[in-house]
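Excluded from the calculations below are hydrogen atoms, water molecules and symmetry mates; all remaining heavy atoms, backbone and side chain alike, are included. Just so it is clear, the model here is predicted, and its values are computed rather than measured.
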Amino acid sequence: MKQITIAVILFFTVLGTTRANTADHKDPTFVGIENFKHQFPDATDISYKVKGELTEVNFIWNTMRLQAFFDLDGNLLATCRNIPTGDLSLTAQMSLKDHYPGYTASEAIEYNDANTCVSYYVTMVGPKTSYLLCVSTDGMISVFKKMKH
């Protein structure tokens, strides 16, 4: 679980760095708090961390534990949440089964951003190698990271 979370946070850090405004922001507070409150008005258990060029917000909304990522201007970049592997789309599950026989899906994150809609980051564990895969809802798979045991 820790590997997939670290990899996804690293991904968002790179994403935030490439999308962020180059203006000098020295205040480490979350400038997007009003945008966050508008998008998730009933959120509870809210905590946030400014991490370089983006802000990571952890919270509960509609009984789901979520993470949201905002750029330095307070614009929402993406949201994600851990999901059971059985909640992957049927097409994604079938594609993983076909392309990774002998591997087991151990964890999954649902990732949503305005540009690519919904995709999943899934850890597939095999006897000698594990993969962190990006899987689209239509079953397209790309390798995000390969990990040897």
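Counting heavy atoms from C-beta on, the side chains of Gln39 and Leu76 come closer than 4.5 Å. Side-chain contact between Phe40 and Val57 is absent, with no heavy atoms from C-beta onward closer than 4.5 Å. A 4.5 Å side-chain heavy-atom check between Arg81 and Ile109 finds every atom pair outside the cut-off. The closest side-chain heavy-atom distance from Glu53 to Leu72 is below 4.5 Å. At a threshold of 4.5 Å between non-hydrogen side-chain atoms, the residues Lys148 and Lys128 do not count as touching. A heavy-atom distance below 4.5 Å is found between the side chains of Cys80 and Phe69. Met124 places none of its side-chain heavy atoms less than 4.5 Å from the side chain of Thr104.
For the residue pair Glu110 / Asn112, no side-chain donor-acceptor distance below 3.5 Å is found, with atom types taken as modelled.
The NZ atom of Lys51 lies 4.0 Å from the CD atom of Glu56; values are rounded to the nearest 0.5 Å. Separating the CG atom in Leu132 from the CZ atom in Phe144 is a distance of 6.0 Å, to the nearest 0.5 Å. To the nearest 0.5 Å, atom CG of residue Asn82 and atom CG of residue Asp87 are 11.5 Å apart. Put simply, CD1 on Ile141 and CG on Asp138 are 10.5 Å apart, with the number rounded to the nearest 0.5 Å. Atoms CZ and CG, on Phe30 and Leu54 in that order, are 10.5 Å from each other to the nearest 0.5 Å. Here Tyr121 contributes atom OH and Cys134 contributes atom SG; the two are 4.0 Å apart, rounded to the nearest 0.5 Å.
Between the Asn35 side chain and the Gly74 main chain, a donor and an acceptor come within less than 3.5 Å of each other. Side-chain atoms of Asp71 come within 3.5 Å of backbone atoms of Asp73 as a donor-acceptor pair (strictly under, hydrogens ignored).
Surrounding CE of Met140 are at most 12 heavy atoms belonging to other residues, nucleotides or ligands under 6.0 Å away.
When all heavy atoms of Asn58 and Gln67 are compared, the closest pair comes out as OD1-CG, 2.9 Å. When every heavy atom of Ala105 is checked against every heavy atom of Val122, the shortest pair comes out as CB-CG1, 4.0 Å. Asp42 and Trp61 get closest at one heavy-atom pair: C-CD1, 4.1 Å.
If you chain together hydrophobic residues whose side chains sit under 4.5 Å apart, Val143 and Tyr103 fall into the same group. Follow the hydrophobic side-chain contacts under 4.5 Å out from Ile60 and you never reach Ile83; the two are in separate clusters.
Annotation: Phe36 is in aromatic contact with Phe59 [ring centroid separation under 6.0 Å].
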Quick one: side chains of residues 89-101, donor-acceptor pairs under 3.5 Å with protein atoms, not counting sequence neighbours, listed by atom name and distance.
{"from": "Ser89", "atom 1": "OG", "to": "Ala92", "atom 2": "N", "distance (Å)": "3.1"}
{"from": "Ser89", "atom 1": "OG", "to": "Thr137", "atom 2": "O", "distance (Å)": "3.2"}
{"from": "Gln93", "atom 1": "NE2", "to": "Gly86", "atom 2": "O", "distance (Å)": "3.0"}
{"from": "Gln93", "atom 1": "NE2", "to": "Leu88", "atom 2": "O", "distance (Å)": "2.8"}
{"from": "Ser95", "atom 1": "OG", "to": "His99", "atom 2": "ND1", "distance (Å)": "3.4"}
{"from": "Ser95", "atom 1": "OG", "to": "Gly139", "atom 2": "O", "distance (Å)": "2.6"}
{"from": "His99", "atom 1": "ND1", "to": "Ser95", "atom 2": "O", "distance (Å)": "2.9"}

